[in-house]
Amino acid sequence: MRVRFAPSPTGFLHVGATRTALFNWLAARHSGGVFILRSDDTDQERGSDEFYADILDGLNWLGLQWDEGIEVGGPYEPYRQSERLERYSEVAARLAADEKAYRCFCTAAELDERRKAAQAEGRPPGYDGRCRTLEPSEVAGRLEANEPAVLRLAVPRPGTTTFQDVVREEVSFDHEHVEDFVLLRSDGSPTYHLASTVDDVDFEITHVVRGEDLLSSTPKHILITEAMGAAPPAYAHVSLLLGPDGRKLSKRHGDTALHSYRNGGFLPEAVLNYLGLLGWSFGDDESIFSTAEMVERFELDDIQKNPAVFDNDKLLWMNGVYIRELELDDFIARTRPLVEADLGREFTVEDLETYRLVAPLIQERMKVLTEAPDQVRFLFVSDVAYDDAAWKKVLAKPEARVSLEGALSRLSDLGEWVSESIEGALREMLAELGLNASKGLQPVRVAITGSRISPPLFESLAALGKEESLRRLRDVFGRL
RNA sequence: GCCCCCAUCGUCCAGCGGCCUAGGACGCCGCCCUUUCAAGGCGGAAACGGGGAUUCGAAUUCCCCUGGGGGCACCA
């Protein structure tokens with residue numbers, strides 16, 4: 001099995017395209033085949049190096065290693081269409097010579113007008129084929145006179161193209177609805193249909209796994225392949241990813257670029273797992289599974305036919321699951337840079353010790369890694385930012401003074417500053433003052449962390465250290 | 001307008017003629033745990049779009065309707 005992912009560097013790597021890449025990769029790995037990465041960069045206008053790099057970065061981040069293709073090379077290089085232009089011209093010339101393609105001199109304006117007229121009359125809007133019957137001598141003459149011309153495929157008429165799609169089974173198109181489409185533009189450059197198809201033939205692709213948006217272009221690709229005298233590959237058209245509104249997922253739905261998930265604190269394993277669940281399932285009612293397990297079970301023909309809505313909440317949940325599964329050291333290694341960036345400084349040895357104490361606590365309560373700074377900031381800054389609402393709802397209450405005073409006296413006398421002893425001291429305080437845990441402890445939490453929401457209190461105090469904890473309690477008490 | 005594809009809880013999947021009074025996951029609701037927030041545990045509400053046909057029997061097969069999606073470029 002030889003499959004390919006052939007993005008066009010005209011935009012950032014999109015999650016929908018990423019899922020297509022994943023399915024290609026899975027199919028290759030499952031079958032022991034070859035996964036090829038090709039760059040469909042015939043569009044000089046919109047393509048850019050930035051997009052190209054973004055695509056490579058994204059695939060690398062996810063670990064979707066390709067065996068052959070751009071950057072890594074291979075027996076069929078080059079794998080960038082912009083470097084294969086001669087080959088497309090060669091194929092086009094050959095098709096023209098074999099009379100499987102012909103020159104068309106119709107101008108864009110003429111075509112547009114006829115298309116509109118056809119549509120208005122309810123006829124298929126495609127090219128009407130009028131240049132197909134031009135005399136060879138006339139064609140030669142107009143070419144000689146440098147009249148602009150495109151090359152079109154002479155689609156067999158009447159006719160039908162039928163193929164067995166791996167996910168959709170039999171699909172059929174009457175050629176009445178397949179126009180004599182353009183192979184070569186008037187400047188001699190190849191269209192997507194030509195370039196992509198020639199590459200699939202040349203690279204000996206066995207299975208074309210791509211988005212459903214290309215389903216209706218497939219007869220064109222099969223026709224080109226046959227005109228080249230080659231056998232078409234198997235096609236597997238994967239349904240599209242939809243936004244919450246049920247429309248094709250696009251920029252308008254917000255973060256659709258893969259890199260925004262990476263930057264947003266998502267783990268590659270979680271993204272892979274989630275994407276794998278969109279249109280495919282592990283079976284056994286399991287929704288959490290490793291990439292290796294996916295490879296073991298993946299089959300192209302198990303892919304779901306209907307489009308899937310991308311559910312951010314479920315991805316978020318899943319990412320939380322993966323975060324909790326991280327080894328502590330790994331978790332620290334991934335979140336430390338985020339915290340340091342937030343603080344605007346690197347961790348000191350003491351900072352790292354402090355962070356090691358709270359890391360396991362925050363690890364349990366995060367959905368994305370980028371939440372880390374907010375959760376631990378109070379430990380590393382000297383001027384805590386007090387949340388207005390928290391101050392009003394907790395510290396402004398009469399019992400706050402009582403509880404802070406009690407905590408202050410109990411904690412000042414504490415010898416060993418660890419969470420167990422701190423808890424013991426504060427519980428004694430609660431009993432003595434007759435306060436319940438909520439009333440008695442929340443003021444301490446707010447005084448220490450600045451917020452009503454924080455990691456567990458006793459551990460937080462332990463991590464903060466005795467001196468600084470007492471300083472904050474005293475400071476807040478003084479301000480009441 | 002024309003062509004193609006699709007159709008199970010709000011969402012993602014399971015189901016491939018009887019095991020279905022339709023199962024799991026996210027989300028939602030309730031309870032428990034609990035110093036907050038999470039996490040975790042337990043429970044709950046929630047779907048086979050409609051109509052025909054085949055069959056002893058249809059979520060599962062066929063047809064029509066409806067609905068949704070995609071495509072109709074000298075873009076990819």
Side-chain angles (χ1 to χ4, degrees), chain A residues 6-11 40-43 45-47 104 106-108 111-112 115 118-127 148-152 165 167-168 171-174 176-179 181-187 189 191-193 195-196 211-219 237 239-240 242 244 246-248 274 277-288 304-318 320-321 324 361-367 375 390 394 423 426-427 430 436-442 444-446 449 451-458:
Chain A
S8 174
T10 53
D40 280 13
D41 56 356
T42 50
D43 188 346
E45 302 257 312
R46 298 188 298 156
C104 165
C106 298
T107 66
L111 294 171
D112 202 46
R115 183 161 26 240
Q119 232 175 78
E121 290 169 38
R123 285 182 287 116
Y127 178 63
V150 299
L151 187 73
R152 289 180 183 274
D165 191 279
V167 342
R168 282 153 216 283
V171 181
S172 185
F173 289 86
D174 190 312
E176 194 185 335
H177 303 290
V178 182
E179 64 172 345
F181 57 98
V182 175
L183 260 17
L184 243 35
R185 303 188 187 100
S186 52
D187 65 0
S189 64
T191 59
Y192 164 76
H193 298 304
S196 173
E212 194 192 347
D213 50 341
L214 264 352
L215 186 60
S216 44
S217 296
T218 304
H237 287 93
S239 64
L240 266 15
L242 271 28
R247 318 265 320 187
K248 183 175 170 180
Y274 180 67
L277 222 41
L278 252 29
W280 182 77
S281 87
F282 191 69
D284 291 357
D285 287 340
E286 290 297 325
S287 47
I288 300 288
Q304 188 93 12
K305 294 185 185 59
N306 53 323
V309 173
F310 190 88
D311 180 5
N312 231 305
D313 283 343
K314 189 161 185 175
L315 208 208
L316 237 20
W317 163 78
M318 193 170 277
V321 171
R324 273 171 251 128
L361 272 21
I362 65 168
Q363 183 176 7
E364 288 176 49
R365 52 202 83 217
M366 287 185 1
K367 283 193 171 14
Q375 304 239 33
V394 179
E423 175 166 8
L426 290 178
R427 290 214 185 274
L430 291 177
N436 66 28
S438 171
K439 290 210 152 131
L441 260 21
Q442 278 300 81
V444 178
R445 179 190 310 283
V446 175
T449 69
S451 165
R452 279 178 295 171
I453 298 169
S454 81
L457 183 58
F458 310 127

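Any value given below was found using the heavy atoms of this structure, including those in side chains, with hydrogens, waters and symmetry copies removed.
If you take CG on Leu430(A) and CD on Glu423(A), they are separated by 10.0 Å, rounding to the nearest 0.5 Å. Expressed to the nearest 0.5 Å, how far NZ of Lys367(A) lies from CZ of Arg324(A) amounts to 7.0 Å. Atom-to-atom distance recorded for Leu111(A):CG and Tyr127(A):OH is 7.0 Å, nearest 0.5 angstrom. Atom-to-atom distance recorded for Asp213(A):CG and Ser239(A):OG is 10.5 Å, nearest 0.5 angstrom.
Of the candidates U36(B), C13(B), G1(B), G1(B) carries the atom nearest the Pro125(A) side chain, counting heavy atoms from C-beta on. The Asn306(A) side chain lies nearest to C6(B) when the options are A76(B), C6(B), C13(B). Listed nucleotides: C5(B), G24(B), U36(B). Nearest to the side chain of Arg365(A): U36(B). In this structure, the nucleotide among C26(B), U36(B), C74(B) sitting nearest to the side chain of Val182(A) is C74(B). In this structure, the nucleotide among G70(B), U36(B), A76(B) sitting nearest to the side chain of Thr191(A) is A76(B). With A76(B), A14(B), G69(B) as the candidates, the nucleotide lying closest to the side chain of Tyr192(A) is A76(B). The nucleotide whose nearest atom lies closest to any side-chain atom of Asp213(A) is, among C13(B), C4(B), G70(B), G70(B). Among C3(B), C26(B), C13(B), the nucleotide with an atom closest to any side-chain atom of Asp313(A) is C26(B). Distance from the side chain of Val309(A) is smallest for U11(B) among the nucleotides G70(B), A14(B), U11(B). The side chain of Arg324(A) lies closest to A39(B) when the candidates are A76(B), A39(B), G70(B).
Across every non-hydrogen atom of Leu215(A) and Arg168(A), the tightest pair is CD2-CD, 4.0 Å. The minimum heavy-atom distance between Gln375(A) and Ile362(A), with the atom names listed, is CB-CG2, 3.8 Å. Taking both residues in full, the closest heavy atoms of Leu426(A) and Phe458(A) are given as CD1-CE2, 3.7 Å, listed atom of the first, atom of the second, then distance. Scanning both residues, Ser217(A) and His193(A), for their nearest heavy atoms gives OG-CE1, 3.6 Å. Scanning all heavy atoms of the two residues, the minimum distance from Val150(A) to Ser186(A) falls at CG1-N, 3.6 Å.
Of the two residues contacting RNA chain B, namely Trp317(A) and Ala6(A), the nearest-nucleotide position lying further toward the 5' end is that of Trp317(A). Along RNA chain B, the nucleotide closest to Gly246(A) and the one closest to Cys104(A) are compared, and the more 5′ of them pairs with Gly246(A).
Rounded to whole angstrom, the span from the CG atom of Asp112(A) across to the P atom of C72(B) amounts to 15 Å. At whole-Å resolution of the value, NZ in Lys248(A) and C1' in G68(B) are 15 Å apart. Note: CD (Glu286(A)) to C1' (G15(B)) measures 17 Å, nearest angstrom. Summarising the geometry, the separation between CG on Leu316(A) and C1' on G27(B) is reported as 11 Å, rounded to the nearest angstrom. Atoms CZ (Phe181(A)) and C1' (A73(B)) sit 13 Å apart, rounded to a whole Å. The distance between atom CG of Asn312(A) and atom P of U11(B), rounded to the nearest whole Å, is 16 Å. Summarising the geometry, the separation between CD on Glu364(A) and P on G41(B) is reported as 13 Å, rounded to the nearest angstrom. One interatomic measurement links the two molecules: CG of Asp311(A) to P of G27(B), which rounds to 9 Å at whole-angstrom precision.
Taking a pair to require two hydrogen-bonding distances under 3.5 Å in either a Watson-Crick or a G-U wobble arrangement, G23(B) pairs with C13(B). Under the Watson-Crick and G-U wobble criteria, each requiring two contacts below 3.5 Å, nucleotide U54(B) is left unpaired. With a 3.5 Å ceiling on both atom-pair distances, the Watson-Crick or G-U wobble partner of C72(B) is G1(B). A 3.5 Å limit on both hydrogen-bonding distances identifies C29(B) as the Watson-Crick or G-U partner of G43(B). Using Watson-Crick or G-U wobble geometry with both donor-acceptor distances under 3.5 Å, A7(B) finds its partner in U66(B).
In terms of phosphate contacts, Ser216(A) brings no side-chain nitrogen or oxygen within less than 4.0 Å of OP1 or OP2 of G70(B). Residue Arg115(A) places no side-chain N or O under 4.0 Å from the OP1 or OP2 atom of C2(B). Remark: Ser172(A) is not in phosphate contact with C4(B), judged by side-chain N or O atoms under 4.0 Å from OP1 or OP2.
Within 3.5 Å, no donor on the side chain of Ser454(A) pairs with an acceptor on the base of C37(B), nor the reverse.
Among the protein residues, Ser196(A) comes within range of no part of the nucleic acid, since none of its heavy atoms lies under 4.0 Å from any strand. When heavy atoms are screened at a 4.0 angstrom cut-off, Leu426(A) is found touching no nucleic acid atom at all. Contact annotation for Leu240(A): backbone-only contact, meaning every heavy-atom pair under 4.0 Å involves sugar-phosphate atoms and none involves a base. Residue Ser8(A) is classed as a sugar-phosphate contact, given heavy-atom separations below 4.0 Å to backbone atoms only. Note on His193(A): a base of the nucleic acid sits closer than 4.0 angstrom, heavy atoms only. In this structure, Ser239(A) reaches neither bases nor backbone, as no heavy-atom distance under 4.0 Å exists between it and the strands shown. When heavy atoms are screened at a 4.0 angstrom cut-off, Phe458(A) is found touching base atoms of the nucleic acid. Residue contacts shown for Pro7(A) are absent, as no nucleic acid heavy atom lies under 4.0 Å away. Among the protein residues, Gly126(A) comes within range of no part of the nucleic acid, since none of its heavy atoms lies under 4.0 Å from any strand. At the heavy-atom level, Gln375(A) lies nowhere under 4.0 Å from the strands shown. Backbone-only contact: Gly279(A) has heavy atoms under 4.0 Å from sugar-phosphate atoms and none from a base. Within the 4.0 angstrom heavy-atom criterion, only backbone atoms of the sugar-phosphate kind lie near Arg168(A); the bases stay farther away.
Between G30(B) and A22(B), the two P atoms lie 25 Å apart (nearest whole Å). A25(B) sits 31 Å from C62(B) when the P atoms are compared, rounded to a whole Å. A gap of 46 Å separates the C1' atoms of G44(B) and C3(B), to the nearest Å. Annotation: G50(B) and C56(B) have their P atoms spaced 24 Å apart (nearest Å). Nucleotides U54(B) and U60(B) are separated by 13 Å at their C1' atoms, to the nearest Å. Going from the P atom of G43(B) to that of C4(B) covers 49 Å, rounded to whole Å. Rounded to whole Å, the P atom of A73(B) lies 23 Å from the corresponding atom of G68(B). Comparing G69(B) with C26(B), their P atoms sit 28 Å apart, to the nearest whole Å.
Defined by atom type and a distance below 3.5 Å, a donor-acceptor pair is present between the side-chain atoms of Ser189(A) and Asp187(A).
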